[in-house]
S.K.: 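Structure incoming, see below.
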Amino acid sequence: MKSPLNYILISLIFVLSTSSKPEDDFYNELYRPQFHFTPEKNLVKEPAALVFSNDQYHLFYEVGDSTILTDKIQWGHAISSDLVHWEHLSPAISMDQSDCPINSGSIVLDASNILGLQKGSTKTMVAFYSGKGCGVSCSYSTDDGNTWEKLFDMPILSFEKSEDIASPKVFWHEESGNWVMLLSRMPKENGMLKGITFYNSDNLKDWEETSHFPLLSVSPDLFKLNVDKRDNETKWILSGDGESYYIGSFDGKSFTTESALLKSDFGGSLAGAKTWVNLPKTNNRIIQLAALSGGEYPGMPFNGQMSFPCELTLKTFSDGVHLLRNPVKEIELLHGKLNSWTNKNIIPGIKNNILKNIKGDCKHFICTFDIKTSDNFGLMVRHSKKTVGTEILYDVKRGVLYCLGTNVPLKTNDNKLVLEVLVDRSSIEIFANNGDKVISKCFTPDEESIGYEIFTNGGELMIDQMDIYDMNSSWYESKNKKSLPFGKNK
């Protein structure tokens, strides 16, 4: 006869075994992006800081304590060796002693140990962040971002509580030999002066204001790029939110614009874009990540997602220099089955849909079209016989690309148009003409709508080349293989 204790133990084991989430369901919910970063649960806002350290890409991000927006924000932490497979780590920085909300900022590595905090060979991470009414604060980590402690007397920069400040961006400016901070700020409660204030420091502790740039105000980032990948010509890019930017010069103290305000993404969804710092010089890339805002995730344990990491380049066009955004080459690590068409002529009519056998919720399209006599053409994404999908349409006569309420002026090149499209379970990113014009949007497709269609109206369309890859999950080695998810805490 079994004792009461045995019955209790058996019952407890049964409850635990039946209530735990099946391994196959981890990161496999209906609207869970499969190759765009999301936290395991709760609200994700913007990238908080991006830094490369010890051969790992570190992603620190703003995360709430529930799926709705509250003031209780902390920094989540994830790492990756390839920008596509992520491992969740313990949360990094939480609300400070004065109960200030911890918003986004930046992280630098104290490579010369100027603060004298380094332990062993691991460089000290120094994080700068802001909280409304609390100024700019600072924390540090000597174990590659796993644990954090407050640095100096808080805050390191003080402002009137009524003053609106946000998103301190700190980096080392080699040419002037100074640390530089950019801070979104509205000085003296004057809305006309809202913009970016620049500061200098030689020790990461004491900061001196050097200039103010009033033409851009949100989520500032500043970085240098070669023009047309030539080593002898560089420009500085002052970016805000990842959608708008100026091209100009920077002397370590102030930014001088040489362009009008330009756009790199037209979807209206990018927020808080940042670039990875401390990338090895042999890498020779500027890699950007942003939040994709405005999405809906009914029934999901999380709310929000990141864009796919993009490499930024500068290219000269007939109307000037443009910033190009394209998915990082590491996307190829997630490629699955390939369907490909070459020199395929398409005529009007629904019977000519060559994509009728393409099914699924995660795809990577790489297409080059010869417009020929078409009046308009495009792709229908995630559609079914019962539900109309999402249309990506190019109007030839108007020279405009349309998707999800966004329209973008887009020129052809010798009557050719290049489109690269990332389709995930709850987002679409369109890179037109090799990243010259980009549309990033969230969407919530019907669960059973997994079809695709290519169409042309008014005339013929030639597909010079169309490659469509099935996309494997970032969180599993293979969708058909039962294994420990990459992202699951060990």
Side-chain angles (χ1 to χ4, degrees), residues 18-44 66-68 84 86 267 269 291-308 331 334-337 339 350 353-365 378-393 402-406 421-430 439-455 468-483 485-488:
T18 56
S19 62
S20 63
K21 195 173 183 180
E23 191 79 7
D24 288 347
D25 289 343
F26 179 79
Y27 264 65
N28 197 32
E29 299 95 339
L30 174 60
Y31 293 115
R32 171 77 72 176
Q34 293 299 284
F35 59 98
H36 289 73
F37 180 86
T38 54
E40 293 183 80
K41 60 180 182 178
N42 297 342
L43 171 73
V44 60
S66 68
T67 57
I68 61 175
V84 293
W86 294 95
S269 297
L292 276 179
S293 63
E296 296 181 356
Y297 309 90
M300 298 295 100
F302 68 95
N303 184 355
Q305 63 180 300
M306 297 297 173
S307 65
F308 192 80
I331 194 172
L334 298 177
H335 281 172
K337 179 182 177 182
N339 287 280
I350 60 174
N353 176 32
I354 62 173
L355 306 185
K356 60 184 178 181
N357 293 324
I358 301 297
K359 307 292 181 184
D361 53 14
C362 298
K363 302 291 181 183
H364 183 192
F365 290 74
L379 299 168
M380 192 68 74
V381 174
R382 294 293 304 272
H383 80 100
S384 67
K385 293 181 179 179
K386 295 181 179 180
T387 306
V388 177
T390 296
E391 185 179 62
I392 301 171
L393 174 71
Y402 298 89
C403 184
L404 289 167
T406 296
V421 183
L422 307 185
V423 180
D424 209 335
R425 289 183 179 176
S426 51
S427 64
I428 296 179
E429 293 182 272
I430 306 167
I439 299 175
S440 302
K441 303 284 283 191
C442 296
F443 76 146
T444 312
D446 179 74
E447 178 179 6
E448 298 180 357
S449 299
I450 57 173
Y452 297 84
E453 180 181 335
I454 186 169
F455 61 88
I468 304 177
Y469 293 92
D470 290 347
M471 290 295 287
N472 290 321
S473 172
S474 291
W475 306 98
Y476 289 86
E477 293 180 12
S478 169
K479 288 184 177 180
N480 300 316
K481 180 179 177 181
K482 291 184 178 180
S483 60
F486 285 105
K488 198 148 189 176

S.K.: Output, in order, the C-alpha distance, side-chain angles, deciding distance and verdict of side-chain contact (heavy atoms from CB on, under 4.5 Å) for Asn303 and Ile68.
M.R.: CA-CA 8 Å; Asn303 184 355; Ile68 61 175; 5.9 Å; no
S.K.: Can you give me the closest heavy-atom contact between Tyr27 and Pro39, atom names plus distance?
M.R.: OH-C, 3.0 Å
S.K.: Spell out, as yes or no, whether a donor-acceptor pair under 3.5 Å connects the side chain of Ser293 to the backbone of Ser269.
M.R.: yes
S.K.: Once ring pair (Phe, Tyr, Trp, His ring centres under 6.0 Å) is applied, do any residues pair with Phe37, and if so which ones, sequence neighbours excluded?
M.R.: Tyr61, Trp86, His88
S.K.: For residues Val44 and Thr38, determine if any side-chain heavy atom of one lies less than 4.5 Å from a side-chain heavy atom of the other.
M.R.: no
S.K.: Going by heavy atoms in the side chains, are Val381 and Tyr452 under 4.5 Å from each other?
M.R.: yes
S.K.: A side-chain contact here means heavy atoms from C-beta on lying under 4.5 Å apart; do Lys386 and Ser449 qualify?
M.R.: no
S.K.: I need the minimum non-hydrogen distance between Pro298 and Tyr31, along with the two atoms involved.
M.R.: CG-CE1, 3.7 Å
S.K.: Atom OH in Tyr297, atom OG1 in Thr67: separation rounded to 0.5 Å?
M.R.: 12.0 Å
S.K.: On a heavy-atom basis, which atom in Glu453 and which in Asn353 lie closest, and how many Å separate them?
M.R.: CA-OD1, 3.2 Å
S.K.: Please determine whether side-chain contact (heavy atoms from CB on, under 4.5 Å) holds for the pair Leu355 and Ile468, giving the CA-CA distance in whole Å, both sets of side-chain angles, and the decisive distance to 0.1 Å.
M.R.: CA-CA 10 Å; Leu355 306 185; Ile468 304 177; 3.7 Å; yes
S.K.: Thr444 side chain to Glu296 main-chain N or O, any donor-acceptor pair under 3.5 Å?
M.R.: yes
S.K.: State whether the number of non-hydrogen atoms from other residues, nucleotides or ligands found under 6.0 Å of Lys359 atom NZ is greater than 12.
M.R.: yes
S.K.: Are side-chain heavy atoms of Thr390 and Val423 found at a separation under 4.5 Å?
M.R.: no
S.K.: As an exercise, state the distance from CD1 of Ile454 to CE of Met380, rounded to the nearest 0.5 Å.
M.R.: 12.0 Å
S.K.: Can you tell me how far the CD atom of Gln305 sits from the CG atom of Leu292, to the nearest 0.5 Å?
M.R.: 5.0 Å
S.K.: Counting C-beta onward and ignoring hydrogens, is there a side-chain heavy-atom pair between Val84 and Phe308 closer than 4.5 Å?
M.R.: yes
S.K.: Run the side-chain contact (heavy atoms from CB on, under 4.5 Å) test on Tyr402 and Ile439 for me, step by step, so that the C-alpha distance in whole Å, both residues' side-chain angles and the decisive distance to 0.1 Å come before the verdict.
M.R.: CA-CA 9 Å; Tyr402 298 89; Ile439 299 175; over 6 Å; no
S.K.: Would you confirm whether Asp424, through its side chain, and Phe35, through its main-chain N or O, come within 3.5 Å as a donor-acceptor pair?
M.R.: yes
S.K.: Could you grab the distance from atom CD of Gln34 to atom CG of Leu334, nearest 0.5 Å is fine?
M.R.: 10.0 Å
S.K.: Look up atom CD in Glu447 and atom CZ in Arg382, then write down how far apart they are to the nearest 0.5 Å.
M.R.: 9.0 Å
S.K.: So do the side chains of Asn339 and Asn357 get within less than 4.5 Å of each other, counting heavy atoms only?
M.R.: no
S.K.: So, does Arg32 use its side chain to make a donor-acceptor pair with the main chain of Phe302 at under 3.5 Å?
M.R.: no
S.K.: To the nearest 0.5 Å, how far apart are NE2 in His335 and CE in Met471?
M.R.: 5.0 Å
S.K.: Using the side-chain contact (heavy atoms from CB on, under 4.5 Å) definition, which of the options Ser427, Ser474, Cys442, Cys362 pairs with His36?
M.R.: Ser427
S.K.: Do the side chains of Cys403 and Lys441 get nearer than 4.5 Å, heavy atoms only?
M.R.: no
S.K.: With a 4.5 Å limit on heavy-atom distance, are the side chains of Arg425 and Leu30 in contact?
M.R.: no
